[in-house]
Number of protein chains: 2
Amino acid sequence: MSTPTEAPQSATPGEDPIRIAQVEIRPTEGLAVVAGRAVPLSVREFELLSALASRSGHVVAREELFSSVWGGPLRRGDRSIDVYVHKVRQKLEAASPGWHFIHTHIGFGYRFSPEPAH
Amino acid sequence: MSTPTEAPQSATPGEDPIRIAQVEIRPTEGLAVVAGRAVPLSVREFELLSALASRSGHVVAREELFSSVWGGPLRRGDRSIDVYVHKVRQKLEAASPGWHFIHTHIGFGYRFSPEPAH
DNA sequence: CCGCCTGTGAAAGGCACGTGAACAACGGTG
DNA sequence: CACCGTTGTTCACGTGCCTTTCACAGGCGG
């Protein structure tokens, strides 16, 4: 079956597609394919998803997420991450109903891990 | 050079017909057939469609599209691609109403993939 | 009860793209 | 040579999307 990919995560969103369960991310195209469906993502949305998926199964701290995607220190009160997590969630779950992909860890950050809504 | 390590994709349209869903592209004839109807295309239009269709399902960057079809670096502010995508879209969708063929990926490029307008 | 944190809808501004039209370059025709 | 249809390029003006920010609501712990 599928051994949770323990690939040597490279900081830069490399050029090789990332595959996790029914999700495929193509860095060179800025395109995500979920359950066989092309999911149109904006630049920010795509970078956020990449940052999360490249560390699939691990909790990524808000500070780390922000510096990865927005490229700077996270200012107090900045809600950009929340807004974009929401947008990505919507699109992923619309493409694959009954599944959850991004999980919240209050006080820490977010974790990418495709799971049935059960 | 900037030749991507990929399949025998060539900037010049090959000689074998490309068939995707209801679309057939005949390089030797410079003709496209959509839903059984012959679609007359100019040289530029045909080359643009070929460049997109030869990578069906994948997002083709504006830069790459331009160098493939126009044969040079994409100048800042050049809207030729937009204009020709519009022309090709019109003709394809006129031949097969209710379907979309060329999808925009803002900030990246375009993707050829026949889909119901839904 | 009071803060802190996150979810979520919406407004504002900027920018990429959609689209109709004008213009120039050709080639064919009378 | 004058006229005309086609093609490719450029311009001008919307229009919708993207990003950021604000506002409000609910959950949880102290």
Side-chain angles (χ1 to χ4, degrees), chain A residues 29-32 38-52 59-94 100-113 117, chain B residues 13 30-32 38-52 59-94 99-112 117:
Chain A
E29 300 179 42
L31 177 67
V39 177
L41 296 171
S42 75
V43 176
R44 283 266 188 275
E45 291 166 355
F46 184 81
E47 288 177 354
L48 176 62
L49 177 57
S50 296
L52 284 171
V59 177
V60 183
R62 292 173 68 90
E63 289 76 12
E64 186 182 340
L65 257 187
F66 191 86
S67 66
S68 278
V69 177
W70 279 264
L74 176 57
R75 293 168 306 169
R76 239 185 74 83
D78 193 314
R79 306 294 311 284
S80 299
I81 290 184
D82 303 77
V83 173
Y84 270 82
V85 164
H86 179 236
K87 291 183 178 182
V88 175
R89 272 178 175 153
Q90 271 190 164
K91 293 188 177 180
L92 293 183
E93 293 174 11
H100 290 167
F101 298 88
I102 301 177
H103 310 271
T104 304
H105 289 253
I106 296 184
F108 293 95
Y110 295 92
R111 173 176 53 93
F112 182 86
S113 178
Chain B
L31 175 68
V39 177
L41 296 171
S42 74
V43 176
R44 282 268 189 275
E45 291 167 355
F46 185 81
E47 288 177 354
L48 176 61
L49 176 57
S50 296
L52 284 171
V59 177
V60 183
R62 291 173 68 91
E63 289 277 352
E64 186 181 339
L65 257 187
F66 191 86
S67 66
S68 279
V69 177
W70 279 264
L74 177 57
R75 292 168 306 170
R76 200 180 80 85
D78 193 314
R79 305 293 309 283
S80 300
I81 290 184
D82 303 76
V83 173
Y84 269 81
V85 164
H86 176 57
K87 291 182 178 180
V88 175
R89 270 179 176 154
Q90 270 190 169
K91 294 189 176 180
L92 294 183
E93 292 174 12
W99 286 75
H100 290 166
F101 299 88
I102 302 177
H103 309 271
T104 304
H105 288 253
I106 296 183
F108 292 98
Y110 295 93
R111 173 175 54 93
F112 182 85

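On a predicted model such as this, the values are computed, not experimentally measured, just so you know. The chains referred to below are lettered A, B, ... by the order of the sequence lines, with proteins before strands, and numbering in each begins at 1. Note: hydrogens, waters and symmetry copies are ignored here, and every other heavy atom, side chains too, is used.
At whole-Å resolution of the value, CD in A:Q90 and C1' in C:dG9 are 10 Å apart. Distance A:F46 CZ to D:dC18 P: 14 Å, rounded to the nearest Å. Remark: C1' of D:dC18 and CZ of B:F108 are 12 Å apart, rounded to the nearest angstrom. Put simply, CD1 on A:I106 is 11 Å from C1' on D:dG26, counting in whole angstrom units. Note: CD1 (B:I102) to C1' (C:dT19) measures 15 Å, nearest angstrom.
By the ring pair (Phe, Tyr, Trp, His ring centres under 6.0 Å) test, A:F66 is found to be paired with A:W70, residues two or more places apart in sequence or in another chain being considered. Listed by chain and number, the residues in a salt bridge (charged side-chain N to carboxylate O under 4.0 Å, His left out) with A:E64 are A:R55 (sequence neighbours excluded). For B:R62, the salt bridge (charged side-chain N to carboxylate O under 4.0 Å, His left out) test picks out B:D82, with sequence neighbours left out. Under the side-chain hydrogen bond (donor to acceptor under 3.5 Å, both in side chains) criterion, B:R75 pairs with B:D78, sequence neighbours left out. Applying the side-chain contact (heavy atoms from CB on, under 4.5 Å) rule to B:F101 yields the partners B:Q22, B:V23, B:V34, B:L92, B:E93, B:S96, B:W99, B:F112, B:P114; only residues at least two apart in sequence or on another chain are considered.
Contact check, A:T104 against C:dG7: a side-chain N or O comes under 4.0 Å of OP1 or OP2. Between B:H105 and the phosphate of C:dA16, there is no side-chain N or O to OP1/OP2 separation shorter than 4.0 Å. Side-chain N/O atoms of B:S42 include none lying less than 4.0 angstrom from OP1 or OP2 on D:dT6. Regarding contacts with the backbone of C:dT19, a side-chain N or O of B:H86 is found under 4.0 angstrom from either OP1 or OP2.
Among the heavy atoms of the strands lying under 4.0 Å from A:Y110 are primed sugar atoms or P, OP1, OP2 only; no base atom is included.
Among B:V88, B:V60, B:T104, the one residue that satisfies the side chain to side chain contact (heavy atoms under 4.5 Å, CB included) test with B:Y110 is B:T104.
Side chain of A:R111 to backbone of A:H105: no donor-acceptor contact under 3.5 angstrom is found.
Toward the 5' end of DNA chain D, the nearer of the two residues B:E45 and A:E45, judged by each one's closest nucleotide, is B:E45. Comparing A:K87 and B:R44 along DNA chain D, the residue whose closest nucleotide (by nearest heavy atom) sits nearer the 5' end is B:R44.
Scanning residues 62-84 of chain A for heavy-atom distances under 4.0 Å to DNA chain C yields A:R62, A:R79, A:D82.
Comparing C:dG18, D:dT19, C:dA16 by their closest approach to the side chain of B:R89 singles out C:dG18.
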